[in-house]
Amino acid sequence: GSGIINTNESLMQSAGTMAAEKDLLLVAASEAEILFVDESTCIPRKLPGLNGRIVQMAICPNFRFVACFIEDGWLVVYSTTFSKKVLEFDTKSKIPPVHLAWCGED
């Protein structure tokens with residue numbers, strides 16, 4: 001299905017911070033898209049180089065990057081604008097993490 005996945009608390013907090021700056025209420029994942037939601041619109045955006053469904057997301061403490069755990073075991077890091085893929089790493093695990101969090105700023 002294309003239901004919105006579970007997002008973690010840090011992403012929700014960051015969405016609140018971004019909302020204060022850009023009138024953005026929520027950032028969520030649906031299949032291989034990111035949904036940007038404000039008071040009047042929901043804009044889906046395909047992510048460059050992403051193959052598979054996002055199952056966990058976490059934003060770094062300085063709000064510069066977002067880590068996305070993909071259902072096939074890849075951890076992909078994007079800029080918070082989702083315009084640039086910064087890093088990808090094959091965890092070789094199809095089991096998604098219970099929690100995804102950052103240690104440090106980047």
Side-chain angles (χ1 to χ4, degrees):
S2 62
I4 295 176
I5 62 146
N6 180 27
T7 57
N8 66 27
E9 186 176 328
S10 65
L11 183 64
M12 297 304 290
Q13 289 171 349
S14 67
T17 301
M18 292 187 316
E21 296 173 4
K22 300 180 181 181
D23 295 330
L24 188 66
L25 298 176
L26 179 66
V27 176
S30 175
E31 297 300 322
E33 294 180 326
I34 295 295
L35 304 175
F36 296 91
V37 181
D38 66 18
E39 289 184 6
S40 61
T41 59
C42 176
I43 301 169
R45 183 182 206 187
K46 291 276 187 195
L47 295 180
L50 182 66
N51 298 315
R53 190 172 73 90
I54 299 169
V55 294
Q56 276 286 354
M57 294 170 63
I59 193 160
C60 74
N62 66 11
F63 303 108
R64 292 178 52 211
F65 306 106
V66 176
C68 301
F69 189 87
I70 313 305
E71 66 186 342
D72 64 1
W74 282 86
L75 181 67
V76 183
V77 177
Y78 288 94
S79 62
T80 50
T81 61
F82 294 99
S83 61
K84 179 180 173 187
K85 185 191 298 187
V86 178
L87 171 86
E88 58 186 344
F89 176 74
D90 185 359
T91 66
K92 300 187 186 338
S93 173
K94 304 258 189 223
I95 301 170
V98 174
H99 298 287
L100 189 60
W102 285 80
C103 296
E105 291 293 314
D106 53 0

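Note that this is a predicted model, so its numbers are computed, not measured.
Closest of all the heavy-atom pairs between A58 and L100 is CB-O, 3.2 Å. G104 and P61 make their closest contact through O-CD, 3.2 Å (heavy atoms, listed as atom of the first residue, atom of the second, distance). Residue R45 comes nearest to S83 through the heavy atom pair NH2-CB, 4.3 Å, listed as atom of the first residue, atom of the second, then distance. What you find for S79 and V86 is that their closest heavy atoms are N-CG2, 3.8 Å.
A distance of 8.5 Å separates CG of N62 from OG1 of T80, quoted to the nearest 0.5 Å. Here CD1 of I70 is found 9.0 Å from CE of M57. Values are rounded to the nearest 0.5 Å.
Proximity of L47 to I54: side-chain heavy atoms (C-beta onward) are separated by under 4.5 Å at one or more points.
For F82, the ring-ring contact (aromatic ring centres under 6.0 Å, His included) partners are F36, not counting sequence neighbours. Under the salt bridge (Lys or Arg N to Asp or Glu O under 4.0 Å) criterion, K94 pairs with no residue at all, not counting sequence neighbours. A search for side chain to side chain contact (heavy atoms under 4.5 Å, CB included) contacts involving T91 returns F69, L75, F89, S93, not counting sequence neighbours. By the salt bridge (Lys or Arg N to Asp or Glu O under 4.0 Å) test, K84 is found to be paired with no residue, residues two or more places apart in sequence or in another chain being considered.
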Worksheet entry | Worked verdict on V77 versus W102 for side chain to side chain contact (heavy atoms under 4.5 Å, CB included) | CA-CA 11 Å; V77 177; W102 285 80; 4.0 Å; yes
